[in-house]
Participant: 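The structure that follows is given in the form of structure tokens.
Here, residue 1 is the first one in the sequence, and each next residue gets the next number. Values below: all heavy atoms of this structure, side chains included; hydrogens, waters and symmetry mates excluded.
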Amino acid sequence: QVRLVESGGGLVQPGGSLRLSCAASGFTSSRYVMSWYRQAPGKERELVASITSGGSMTNYADSVKGRFTISRDNAKNTAYLKMNSLKPEDTAVYYCKARLVVTGNDYWGQGTQVTVSS
């Protein structure tokens with residue numbers, strides 16, 4: 001069974017930093033695109049960042065560009081989202097998603113809460 005488990009969320013002050021981790025298991029290869037999404041209550045889920053299977057290409061939402069960095073360590077089957085200069089509007093549940101290249105199937109983690117507040 002494919003499983004994605006996010007961790008690293010929590011409460012942080014504005015201007016602070018957090019690093020989220022997404023540990024993947026159950027994949028037979030590392031050929032999957034990894035993405036981070038976030039969703040606040042009453043709002044649609046939005047794409048935050050994505051990274052290709054080899055880690056050579058990344059994409060970011062305009063709202064986080066320059067502040068967030070997505071990366072992956074395929075040897076550890078883990079993706080990361082480094083978040084700097086956090087703002088209250090970054091408060092949301094952050095989800096990790098893996099899309100298998102060969103099938104196009106998506107797999108989602110359970111989410112981790114990030115709260116930016118004084």
Participant: Sequence neighbours left out, what pairs pass disulfide bond (SG atoms under 2.5 Å apart) with at least one residue falling in residues 35-64?
Facilitator: none
Participant: Looking at every non-hydrogen atom in both residues, tell me the closest pair between R72 and T52 and how far apart they are.
Facilitator: NH1-O, 2.9 Å
Participant: The criterion is salt bridge (charged side-chain N to carboxylate O under 4.0 Å, His left out); which residues satisfy it with K65, sequence neighbours excluded?
Facilitator: D62
Participant: Once rounded to the nearest 0.5 Å, what's the spacing between atom CG of N77 and atom CZ of F27?
Facilitator: 8.5 Å
Participant: Could I get the full list of ring-ring contact (aromatic ring centres under 6.0 Å, His included) partners for Y94, not counting sequence neighbours?
Facilitator: none
Participant: What about I70 and V64, same hydrophobic cluster or not, with Ile/Leu/Val/Met/Phe/Trp/Tyr joined at side-chain heavy-atom distances under 4.5 Å?
Facilitator: yes
Participant: Between P14 and S118, is there a side-chain heavy-atom distance shorter than 4.5 Å?
Facilitator: yes
Participant: Show, in sequence, the C-alpha distance, side-chain angles and deciding distance for V114 and L20, and conclude whether the side chain to side chain contact (heavy atoms under 4.5 Å, CB included) test is met.
Facilitator: CA-CA 9 Å; V114 172; L20 306 183; 4.0 Å; yes
Participant: Is it true that L18 and W36 fall in one hydrophobic cluster, defined by side-chain heavy atoms closer than 4.5 Å?
Facilitator: yes
Participant: For R67, check salt bridge (charged side-chain N to carboxylate O under 4.0 Å, His left out) against everything at least two apart and list the hits.
Facilitator: D90
Participant: Looking at S35 and L47, what are the two nearest heavy atoms and their distance?
Facilitator: CB-CD1, 3.8 Å
Participant: Can you tell me which residue pairs pass the ring-ring contact (aromatic ring centres under 6.0 Å, His included) test with a partner in residues 37-90, sequence neighbours excluded?
Facilitator: Y37-W108
Participant: Considering residues at least two apart in sequence or located in another chain, which fulfil the side chain to side chain donor-acceptor pair (under 3.5 Å) criterion with D73?
Facilitator: none
Participant: Filter on salt bridge (Lys or Arg N to Asp or Glu O under 4.0 Å), then keep only pairs touching residues 4-30, sequence neighbours left out; what's left?
Facilitator: none
Participant: Does the T78 side chain pair with the main chain of K76, one donor and one acceptor, at a distance under 3.5 Å?
Facilitator: yes
Participant: Of the non-hydrogen atoms in V2 and G26, which two are nearest, and what is the gap between them?
Facilitator: CG2-O, 3.9 Å
Participant: Hey, mind stepping through V48 and L81 against side chain to side chain contact (heavy atoms under 4.5 Å, CB included) and telling me if it holds?
Facilitator: CA-CA 9 Å; V48 176; L81 184 68; 4.2 Å; yes
Participant: Show the numbers, then the answer: is there a side chain to side chain contact (heavy atoms under 4.5 Å, CB included) between L100 and R31?
Facilitator: CA-CA 6 Å; L100 297 184; R31 297 183 65 185; over 6 Å; no
Participant: Y32 and A98: which non-hydrogen atoms are nearest, and at how many Å?
Facilitator: CD1-CB, 4.0 Å
Participant: Would you say V116 and Q13 make side-chain contact, with heavy atoms under 4.5 Å?
Facilitator: no
Participant: At what distance, to the nearest 0.5 angstrom, does OG1 of T91 lie from CG of L86?
Facilitator: 8.5 Å
Participant: Do any pairs count as a disulfide bond (SG atoms under 2.5 Å apart) and have a residue in residues 19-118, sequence neighbours left out, and if so which ones?
Facilitator: C22-C96
Participant: Shortest non-hydrogen contact from S85 to S17?
Facilitator: N-OG, 4.3 Å
Participant: For residues 43-54, which residue pairs pass the salt bridge (Lys or Arg N to Asp or Glu O under 4.0 Å) check, not counting sequence neighbours?
Facilitator: R38-E46
Participant: Under the rule for salt bridge (charged side-chain N to carboxylate O under 4.0 Å, His left out), what residues qualify as partners of D106, not counting sequence neighbours?
Facilitator: K97, R99
Participant: CE of M34 to CG of L4: how many Å apart, nearest 0.5 Å?
Facilitator: 5.5 Å
Participant: Could you give all pairs that pass the disulfide bond (SG atoms under 2.5 Å apart) test and reach residues 34-78, with sequence neighbours left out?
Facilitator: none
Participant: Could you list all the disulfide bond (SG atoms under 2.5 Å apart) pairs where at least one residue sits in residues 37-85, not counting sequence neighbours?
Facilitator: none
